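Only one structure is covered here, and it is reproduced in the block below.
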Amino acid sequence: MKTIDELLSEGVAGKRVFVRADLNVPLDGTTITDDGRIRAVLPTVRALAEAGARVVVGSHLGRPKGAPDPAFSLAPAAARLGELLGADVAFATDTVGESATATVAGLADGQVAVVENLRFNAGETAKDDAERGAFADRLAALADVYVGDGFGAVHRRHASVFDLPARLPHYAGYLIATEVGVLKKLTDDVKRPYVVALGGAKVSDKLAVIDELLGKADRILIGGGMAYTFLKAQGHEVGTSLLQEDQIPAVLEYLERAGKNGVELLLPVDTLVADEFPDMKAKAPTHPATVAADAVPAGTMGLDIGPETRKLYASKLADAGTVFWNGPMGVFEHPDYAEGTKAVAQALIDSPGFTVVGGGDSAAAVRTLGFDENAFGHISTGGGASLEYLEGKTLPGLAALED
């Protein structure tokens, strides 16, 4: 995989460089609530611009249905990119049409443009190779060189991620190079004990990575909504907590295999419960009760790990050589149910080992809850991509960058 440093050494002045970024930031209307993914691509964009390239940035945002949708416009992201660069960033109001063609043609050396949301064109996500390829051909006409730096999308077989690099000289940007280097530390060069903390809503989202980690991790700590499927599998009452009963057979098999493999698979020993899911807009106090995890009262739902579980999980992270964390421990967006996620985040900071926050909601939680991002070894920009890499899958966007 060639890197951007090799491209820069070859010279890029005057060349049109298409940077596939991940500007898929959360929006409240047109206000960006977390610009972490924009900041993550800055080193690549800035280095190319300073070297005299004409930089064309492409990205997706949200899941529009293959047609323009103002709710998913990249205009706010383009404006924020310009603020962070301290320079004007041109914005094309389409992906490969008249505006994109004119905007790119108008770039001078060292200038940057963003084209509109790539998913506004159905060819970006098409299952049909020919349809995807046709869109990639039109994107390729906008550039001389391709730089892949949208790690959050590399697990997608999309036109701008998989097909476009086949049509242009291609290189990995700084972000992708960093992400891959970190993930190799979690697979090829692991310092032990290797502790994995997994949370989030659905156990089905994590089954494949648990399957893989049962042969690699020393300890796996389970929290979030997915914990209640594990507790139910053990025969415990979980009230109205989030539950995927169809996953219970797989969960039982994993619990058995963990024991055979000598992997500590820990579940919550206590949990915070309430009669109903909290109002996330009002965020009014809900007065949750703390109960034993194996005795959730009928009619109540678990919404966070309890204080004893926080202590237990912190102790299991205290001597870790390597930590990977993906998924919050509770409904961290509400102050009544943020303490479990805070406790795990703080335990990572206190851990002497190499700590990785695996993107997605866990990365959002770190920022939302006010932690210093530099206190962690690495905060990934791609939750799904990180998980699929750890599952041992071939990621299309990385494979496309290989020679």
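Since this is a predicted model, take the numbers as computed values, not measurements.
- With values rounded to the nearest 0.5 angstrom, Leu242 atom CG is found 9.0 Å from Met301 atom CE.
- Partners of His170 according to the ring pair (Phe, Tyr, Trp, His ring centres under 6.0 Å) rule, which considers only residues two or more places apart in sequence or in another chain, do not exist here.
- For residues 238-249, the set of pairs meeting the side chain to side chain donor-acceptor pair (under 3.5 Å) definition, not counting sequence neighbours, comprises Ser204-Gln244.
- Both tests hold for Lys185 against Phe354: distance to the six-membered ring centre under 6.0 Å, angle to the ring axis within 45°.
- In this structure, Asp109 pairs ionically with Arg54, as a charged nitrogen and a carboxylate oxygen lie closer than 4.0 Å.
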| task | Take Thr187 and Tyr389 through the side chain to side chain donor-acceptor pair (under 3.5 Å) test and state the conclusion after the steps. | result | CA-CA 9 Å; Thr187 53; Tyr389 188 100; 4.5 Å; no

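- Between Leu255 and Phe230, the closest heavy-atom pair is CD2-CD2, 4.0 Å.
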Only pairs under 3.5 Å count here: list side-chain donor-acceptor contacts from residues 171-181, not counting sequence neighbours, and write none if there are none.
unit_1, atom_1, unit_2, atom_2, d
Tyr171, OH, Glu10, OE1, 2.7
Tyr171, OH, Glu10, OE2, 3.4
Tyr174, OH, Asp5, OD1, 2.7
Thr178, OG1, Tyr174, O, 2.9
Glu179, OE1, His378, NE2, 2.9
Glu179, OE1, Ser380, OG, 3.0
Glu179, OE2, Ser380, OG, 3.4
Glu179, OE2, Thr381, N, 2.8
Glu179, OE2, Thr381, OG1, 2.9

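- Listed by first and then second residue, the salt bridge (charged side-chain N to carboxylate O under 4.0 Å, His left out) pairs that reach into residues 350-375 are Asp34-Arg367, Arg39-Glu373, Arg367-Glu373, sequence neighbours excluded.
- Taking Arg132 as the reference, Asp129, Asp163 meet the salt bridge (charged side-chain N to carboxylate O under 4.0 Å, His left out) condition, with sequence neighbours excluded.
- Between Val104 and Arg16, the closest side-chain pair of non-hydrogen atoms falls below 4.5 Å.
- Nearest heavy-atom pair across Arg119 and Gly62 is NH1-O, 2.9 Å.
- Listed by chain and residue number, Arg257 satisfy the salt bridge (charged side-chain N to carboxylate O under 4.0 Å, His left out) test with Glu253 (two or more places apart in sequence, or in another chain).
- Nearest heavy atoms, Ala385 versus Leu395: O-CD1, 3.7 Å.
- Between Tyr146 and Phe18, the angle of the ring planes stays under 30°, which puts this pair in the parallel group of the 30/60° scheme.
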Side-chain donor-acceptor distances from residues 63-78 under 3.5 Å, at least two apart:
unit_1, atom_1, unit_2, atom_2, d
Asp69, OD1, Ala71, N, 3.0
Ser73, OG, Ala75, N, 3.1
Ser73, OG, Glu116, OE2, 2.9

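- Sorted by first then second residue, the salt bridge (charged side-chain N to carboxylate O under 4.0 Å, His left out) pairs that include residues 271-299, not counting sequence neighbours, number zero.
- Lys316 is linked by a salt bridge (charged side-chain N to carboxylate O under 4.0 Å, His left out) to Glu264, counting only residues two or more places apart in sequence or in another chain.
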What donor-acceptor contacts under 3.5 angstrom involve side-chain atoms of residues 80-87, with partners at least two apart or in another chain?
unit_1, atom_1, unit_2, atom_2, d
Arg80, NE, Asp35, OD2, 2.9
Arg80, NH1, Glu83, OE1, 2.9
Arg80, NH2, Asp35, OD2, 2.9

| Residues Asp28, Thr33; criterion side chain to side chain donor-acceptor pair (under 3.5 Å); working and verdict | CA-CA 7 Å; Asp28 182 2; Thr33 58; over 6 Å; no

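- Among residues at least two apart or in separate chains, side chain to side chain donor-acceptor pair (under 3.5 Å) pairs with a member in residues 95-106 are Thr93-Ser99.
- Asp270 is not listed as a side-chain neighbour of Val291, based on a closest heavy-atom distance of 4.5 Å or more.
- Here the closest heavy-atom approach between residue Phe162 and residue Pro396 is recorded as CD1-O, 3.5 Å.
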| request: Would you sort out whether Arg20 and Glu124 count as a salt bridge (Lys or Arg N to Asp or Glu O under 4.0 Å), showing the intermediate values? | output: CA-CA 12 Å; Arg20 199 340 177 153; Glu124 169 68 1; 3.5 Å; yes

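- The nearest pair of heavy atoms linking Leu369 to Ala338 is CD2-CB, 4.0 Å.
- The shortest non-hydrogen separation linking Thr290 to Pro307 is CG2-CD, 3.7 Å.
- Judged as a salt bridge (charged side-chain N to carboxylate O under 4.0 Å, His left out), and not counting sequence neighbours, the contacts of Asp319 are Arg219.
- Taking the side chain as every heavy atom from C-beta outward, Asp144 and Val17 never approach each other to under 4.5 Å.
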